[in-house]
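Here is the structure we will look at.
Just so you know, these numbers use all the heavy atoms, side chains as well, and skip hydrogens, waters and symmetry mates. Lettering of chains follows the sequences in order, A, B, ..., and the numbering in each one begins at 1.
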Amino acid sequence: MTTVNRKEFVSDQEVRWCPGCGDYAVLAAFQSLMPQLGIKRENTVIVSGIGCSSRFPYYVDSYGLHSIHGRAPAIATGLATTRPDLAVWVVTGDGDALSIGGNHLIHALRRNVNITIMLFNNRIYGLTKGQYSPTSEVGKVTKSTPAGSVDTPFNPLSLALGAEATFVARTVDSNRAHLTEVLTAAIAHRGASLVEIYQNCPIFNDGAFDDLKAGPGLIPLRHGEPITFGPDQSQGVVRSADGSVRVVDVAQVGLEAILVHDAHASDPSQAFAISRLTDSGVLRQAPIGIFRNVERPAFDDAMRAQVSMPAPEERLAALQALVSGQDTWTVA
Amino acid sequence: MTTVNRKEFVSDQEVRWCPGCGDYAVLAAFQSLMPQLGIKRENTVIVSGIGCSSRFPYYVDSYGLHSIHGRAPAIATGLATTRPDLAVWVVTGDGDALSIGGNHLIHALRRNVNITIMLFNNRIYGLTKGQYSPTSEVGKVTKSTPAGSVDTPFNPLSLALGAEATFVARTVDSNRAHLTEVLTAAIAHRGASLVEIYQNCPIFNDGAFDDLKAGPGLIPLRHGEPITFGPDQSQGVVRSADGSVRVVDVAQVGLEAILVHDAHASDPSQAFAISRLTDSGVLRQAPIGIFRNVERPAFDDAMRAQVSMPAPEERLAALQALVSGQDTWTVA
Amino acid sequence: MTNVRNIDRVVIRFAGDSGDGMQLTGDRFTADTAAIGNDFSTLPNFPAEIRAPAGTIAGVSSFQLHFADFDIRTPGDRPDVLVAMNPAALKANLRDLPRGAVIVADTHDFTTRNLAKVGYAANPLEDGSLGAFQVHALDLTGMTVGAVAAFGLGRKEASRSKNMFALGLLTWLYSRPTEGTEEFLSRKFASKPQIRDANIAAFRAGYAFGETTEAFTVRYEIAAAPMPAGTYRQISGNTALSYGLMAGAAKAGMPLYLGAYPITPASDVLHELSKAKHHGVTTFQAEDEIAAVGAALGASYGGALGVTSTSGPGVALKMETISLAVMLELPLVICDVQRAGPATGMPTKTEQADLFQVLYGRHGEAPVPVLAAQSPGDCFDIAVEAVRIALHLPHSGDSCCPTATWPTGPSRGWCRTCRRCPRSTPASPPKPTARTASSSPTCGTRSWLGLGPSPAPQAWSTGSAASRRPTRPATSPTIRTITSSWSSSAKPRSTASPPICPPWWWTTQALSGASRPTCSSSVGARPTGRSRPPCAESG
Amino acid sequence: MTNVRNIDRVVIRFAGDSGDGMQLTGDRFTADTAAIGNDFSTLPNFPAEIRAPAGTIAGVSSFQLHFADFDIRTPGDRPDVLVAMNPAALKANLRDLPRGAVIVADTHDFTTRNLAKVGYAANPLEDGSLGAFQVHALDLTGMTVGAVAAFGLGRKEASRSKNMFALGLLTWLYSRPTEGTEEFLSRKFASKPQIRDANIAAFRAGYAFGETTEAFTVRYEIAAAPMPAGTYRQISGNTALSYGLMAGAAKAGMPLYLGAYPITPASDVLHELSKAKHHGVTTFQAEDEIAAVGAALGASYGGALGVTSTSGPGVALKMETISLAVMLELPLVICDVQRAGPATGMPTKTEQADLFQVLYGRHGEAPVPVLAAQSPGDCFDIAVEAVRIALHLPHSGDSCCPTATWPTGPSRGWCRTCRRCPRSTPASPPKPTARTASSSPTCGTRSWLGLGPSPAPQAWSTGSAASRRPTRPATSPTIRTITSSWSSSAKPRSTASPPICPPWWWTTQALSGASRPTCSSSVGARPTGRSRPPCAESG
Ligand SMILES: Cc1ncc(C[n+]2csc(CCOP(=O)(O)OP(=O)(O)O)c2C)c(N)n1
Ligand SMILES: Cc1ncc(C[n+]2csc(CCOP(=O)(O)OP(=O)(O)O)c2C)c(N)n1
Ligand code: SF4
Ligand code: SF4
Ligand SMILES: [Mg+2]
Ligand SMILES: [Mg+2]
């Protein structure tokens, strides 16, 4: 990866996130990644909603659309259907994607529209200066919840799996290599890819992911490998009798007992069970990597297959026939 | 159950569904059920959206609100929070709840608002005369999809489980006893209960559930019992190595190998796996019964616990203090 | 002997149960009327319920037709003739009849049970309560069954042709030609000869009944209206709108992309365009109205012509995205097929009450050109025009096109030179003045809000329609020449495969090449004249 | 020697980097100005970014204050004095200054690096380019560091008091009292004595610098404005609105339920009311604006006072539900705290461009009473009034309350008898005429659309405000008497625990008892005068 390449995707806009914002790291990883994948900037479009993260398109020297709050997946659906030649990205936040935009997100996933969604999850509303979001933990004290929030947060990946998503992954802002790996797989997937990115907001929710970094909290998933993690891979994931999965000491059960991760399983049940390893309160434990990656015809491909465009003159002639209809009368 | 009782919940409105519509059966079951549960009609409110099914409140002699398309869960959230004394029902259709209303539905579920949702799933838009819905099978030919639909439908129960729902069940219009049993459990659950009801629309999607009735397609779930079904309970459900569940001949594996259903499992993974037994195309196989039923504080209870209402004079005095503020100056 | 009397106009309403085939009857009468050359206008009225119980008021379906020997503008208010196939049809429509109106009622269905169903204590055909009208109480069903006895149908099956008997009678009464209907029936029931023959026999029997019976002493003739020469067809507003959108896109050389969510009475635009996939039309049934307009806008961003169709409640939901379209300066056509009332309203009833919403219903100054159709046929022109404005106006990319009165049903003889007003013509239509900035197709963003003292919505849409289409030839009367009108009014885009930004964007900006992306930073900069993207803001 | 000159008004703008404490400086100057008895109006201006990079134009934060010895109505357009703490602050604000304006600049920050950051090739304080102004280029930072040397702070920490040095200087220049600020600083930094002492020392040093230096030859005095007697406080529009909603609900004896989705600049209403849960206030942060208004309506249906607050884009999304509220005849108060521009617009900038939307932005005739506030303090009254209308009007249950100009920041001396106009006073405000039906609080549904020939939005809202509050005593000048005004204007509900239908519903319908449910069949029947529920329709 050369710096020359990266610069290609750097726009002339001054980047205006707060100092220390996790968004910077994702932007840098993205800008380095794109030239490596051989995707041209004129074939790249980034559609975003509204939020700190949604300013992303300004900073990338490609096509882009900073739209309105929550609606990016809908706009991207129209664009992707119209233009098979484009790599369409959606950049969104936990509020943008899961609060106001929840419906568009789940429908884009079930349809399997050919878009790649980067969901910046900082578990807070950044741009509106710190209200709780649908991923904030219960009891969260914010400007709008001075007595603590009372609603159970979404697990974005459980939700996506419940919504028939074909590609579901998670990564973190602070791990450039992992971020790059996951995004590379996401864009390679034909259909809707959802990548949740844990992103620190130092201003309104600082340290939300610190407990993960400290302990052995991140559980990396690698297709075809047993799910182990922690110092010396001493911990692992096994299935319990009730169908859920849980963390154990590998030493106690033996490596053979550890679940082997299968991202390509056609049934999403195991991916779902793994998604439940994510803490819903303070985050101490969370799997990262590709939870699910399966093939299914993309919505926009299937739509385009039904549509055909006659040559211009034929088009007008066919239209004239339609307009004239079958049942006419003439006034002399 | 006496007819006198049932009549209490019968309104003076002429019921105006098409002859043979599955909605009639659900209405009758509901009207019989309510007096049995000892719920008074003055404590009953039914909030509906728009759709054939959403006409339900007209026909029940209780309070009710026929609102706008897709928004019933939101309206019911405000009502339930304000009035702990009410049994709040939401009546909705597959279009109302899962298409335009998808976001409100998933948020009501994750919040665990104390409402009971009856989702009439006829896999079609009835009221607007036959367009495909988010539960229609791929390839569905309708007025809006003359060449066949191309989008994968939602599995409403997978979606609900992914959205942190605490009570998730399915029943069918044609089985009065099962309907009654499931609705009874649903209303008893404190928090959000989602009951999907397979409902035949003889006009626009006739026979959508016929294949289920014919074969051994319905898989009844009973808490604490092995999941067997079919003639002589000859078929059963086991867990596969990949974490999914599948149907087998009981004779081949032995009854001990059959999964025992646990609706109260705190982890939703097994319920999710069972939800995947539902066909997404033509419906030949589908579990019915209570998939999940767990306790979690209800949103509205928790909200009310934060709010207190002083006595009227105190209220005005406290308000005056707030209004006066701390930093004042006087003009003589 | 029957006298033949010449009259200049008549309003007929066919009413019966949903299952009685009244819409078909009306359609046929309309076609025969068109063949004579009368001018006409129709108003179908469907029951609100999908399948209302038989014999109830809620189940009554009716079809009204106004025809004349001159240029008429509405389907009429008070029917001169009511054909009532059952007591419910009589009861539901009686209040609309003027004194002296003719009532043709099928006595067969006036049974005690049916009368009771709609609350008639006594039979109105017999108790003298209809004294103000000329009542023809006839056993239409009985006569039909008799007439078709030869074809070996069951009684129920046989009686189903009674609508054709009624049609035959009215065809005789108003001196319509019979060939059209007979041909139609032959075609329609070609595969079921028994049914075909029964229907034709019933139709002929009804005609013969009029001719032979003494019941009708006068027979009417209505001369052809002086219509401009040309080839005509019937068309509904939604179909004309759909064809117009296709025509606009075709002339512009662009693919058409419709994002829509079903809603009565706009769904037919979605249905119609869904059938046109081999014409370069993509239709997307979205999860809701917001997604529908969002996807249309996304398609426009990709170089297609984005269109979204809905009714009032849907327009309300789309407003934020429409204002985004204004800021992005992307083409977008929004069709508001109006229904009655606020909230969910009354989907099967129409009303013209969305004009304020479409003119003013956005926050923070996001004006859009608004066009209103005058007639079903005009929906075609208005759609072409909307496409033209959306593609052509450099700084005001999108246009909102509410179709006025005729969404699904009513049909007019469709010839593009006929200009007809909506039903509710304002008492004294104010003229648009020079100060009415919005009557100019350039529609300057800020000046749009500088409306003169009399915005006068209805008159504006009517009056300015002419000034908005200055290039249309004054005489182009046949549908065959429609293409020439497209070519004069629709500015085609210069590129067949449009770049991601609309062409004018490329020509007005100094770009260094196709690889220099610019759209994202143009967001909103120009319409509001501000120097940096408004989205570079918190909140 | 310094001359003291009496002037009648002055506009001062404090500008610096986001971290320079300009808002606090402005607030304090305002408080001291209030203490003198001047009339005043303020305009804070925050950067759009959460944390813009230091020293950039985007990071400039400013606070403008207009004060006078007479009744003023706006925060002023062109500052007479600009305090610029760095080059960015100078550059961002210079274009607003009239010739001859005073500039006080902190030379310390005019380094080559900082100048380059904002594109200054040369130092404007030195290159003569500011010849048209009276420039005081002073090392405020250096002097501050010197003044606080005794307290043992690090240089960076020490220099943070420079805003207080500037405040001290301006306090001297405009002859403000010093006690208020000294008391304030003592309170605020009570737990950090070092910081407290440094700030007070810097403030005093600034004051002393003015007094001792020769730089300022004139010192100004602005006499007290003739304000009505009473106790005053500062208040922002959003806070006043929140208190007003609480007051209205309290007087009505109803719980208050706010359904809201965060959006700048309306979020503070949500924040303020979230703190009031022990006042019987429930706040619900919904998943989106549609859910927010839906939940508020559901709460109203349950007997609470449903309120929803948002800004323009949110209002656009709520329209369908608002029209449902109209049909249901349930009370609902909608607050539109306006931001600038269409689509997402410019959240941190305000504009008054939503009036058309709130008046007309619904489909199918769903009129709502609309109130517009004249000043931050008036937001209190307007809120009480909106609650009264929402609860009191029998057939037009809901009301839409857009707060006009002053959402989050600007504060006015708040006394309820002061009537002040928004900044953009129309050139010749038309008077509401007798034909302006909407100026009457009964606001008949259909007649509302019969607006006279000059709807004249600004004048309507202003002019009719008076006629809408006929019962308010003409003189009730102190905030202590506010309660009496509530009691005269807000009709309390008769029941403490309200039934599920609003009280008037129960009194106007013949119900056989509490167990007879009726709401569902009343849906929409009355406002449109139709006999059956419009929802009994397909589509
Ligand atoms: C229709 C609408 N509603 C609300 C807002 C205000 N708003 C802007 S961004 C945002 C949420 C931001 O949170 P998130 O999506 O998590 O993004 P982040 O800033 O944290 O990256 C909200 C509520 C808006 N711009 N438009
Ligand atoms: C805002 C809005 N959009 C669209 C509609 C039209 N509409 C009414 S009901 C309906 C869908 C009905 O389908 P479903 O929810 O499955 O109910 P069903 O009639 O099948 O019981 C639609 C699209 C509407 N009334 N309002
Ligand atoms: S507020 Fe938080 S998320 Fe937004 S730019 Fe600042 S640090 Fe990043
Ligand atoms: S259209 Fe279908 S769902 Fe609707 S009432 Fe008729 S049968 Fe029932
Ligand atoms: Mg966030
Ligand atoms: Mg349905």
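- Interface remark: Val281(D) contributes backbone atoms only to the contact with chain B (heavy atom separation under 4.5 Å).
- Residues Thr81(B) and Phe284(D) have side chains not in contact (no heavy-atom distance under 4.5 Å, counting atoms from C-beta outward).
- For a residue to count as touching a neighbouring chain, one of its non-hydrogen atoms must lie under 4.5 Å from one of that chain's; by this rule Ala318(B) touches chain D with backbone and side chain alike.
- There is no contact between Tyr125(B) and chain D, counting heavy-atom distances below 4.5 Å.
- Among Gln306(B), Met309(B), Glu314(B), Arg315(B), the residue making the largest number of heavy-atom pairs under 4.5 Å with chain D is Arg315(B).
- Counting heavy-atom pairs under 4.5 Å between each of Thr283(D), Asp288(D), Leu297(D) and chain B puts Asp288(D) at the top.
- Using a 4.5 Å cut-off between heavy atoms, His107(B) touches chain D through its side chain atoms alone.
- A donor-acceptor distance shorter than 3.5 angstrom exists from the side chain of Tyr301(D) to the backbone of Gly64(B), with no hydrogens or angles considered.
- In this view, Ala34(D) and Trp329(B), Phe40(D) satisfy the side chain to side chain contact (heavy atoms under 4.5 Å, CB included) rule, not counting sequence neighbours.
- Between the Arg233(D) side chain and the Val323(B) main chain, a donor and an acceptor come within less than 3.5 Å of each other.
- For Ser308(B), the parts lying under 4.5 angstrom from a heavy atom of chain D are both the backbone and the side chain.
- Nearest approach of Ala250(D) to Leu316(B), heavy atoms of both residues: CB-CD2, 3.6 Å.
- Comparing Leu322(B), Asn103(B), Thr77(B) by heavy-atom pairs within less than 4.5 Å of chain D, the highest count is held by Leu322(B).
- The most heavy-atom pairs under 4.5 Å with chain B, out of Ala35(D), Ala292(D), Ala249(D), come from Ala249(D).
- Checked against side chain to side chain contact (heavy atoms under 4.5 Å, CB included), Ala28(B) has the following partners two or more places apart in sequence or in another chain: Arg6(B), Arg176(B).
- Of the residues considered (His279(D), His278(D), Glu287(D)), Glu287(D) shows the highest number of contacts with chain B, using heavy-atom pairs under 4.5 Å.
- Residues Ala74(B) and Ala291(D) share a closest heavy-atom pair of CB-CA, 3.6 Å.
- Closest approach of Leu319(B) and Ala247(D) over heavy atoms only: CD2-CA, 3.3 Å.
- Atoms CD and OG, on Glu320(D) and Ser67(B) in that order, are 9.0 Å from each other to the nearest 0.5 Å.
- For chain D, the option among Thr82(B), Ile68(B), Val47(B) with the highest count of heavy-atom pairs below 4.5 Å is Ile68(B).
- Atom OG1 of Thr328(B) is separated from atom OH of Tyr232(D) by 12.0 Å, given to the nearest 0.5 angstrom.
- Interface residue Arg111(B): only side-chain heavy atoms are found under 4.5 Å from chain D.
- Between Arg71(B) and Leu324(D), the closest side-chain pair of non-hydrogen atoms is not below 4.5 Å.
- Contact annotation: the side chain of Arg304(B) never approaches that of Thr282(D) to less than 4.5 Å [non-hydrogen atoms, C-beta and beyond].
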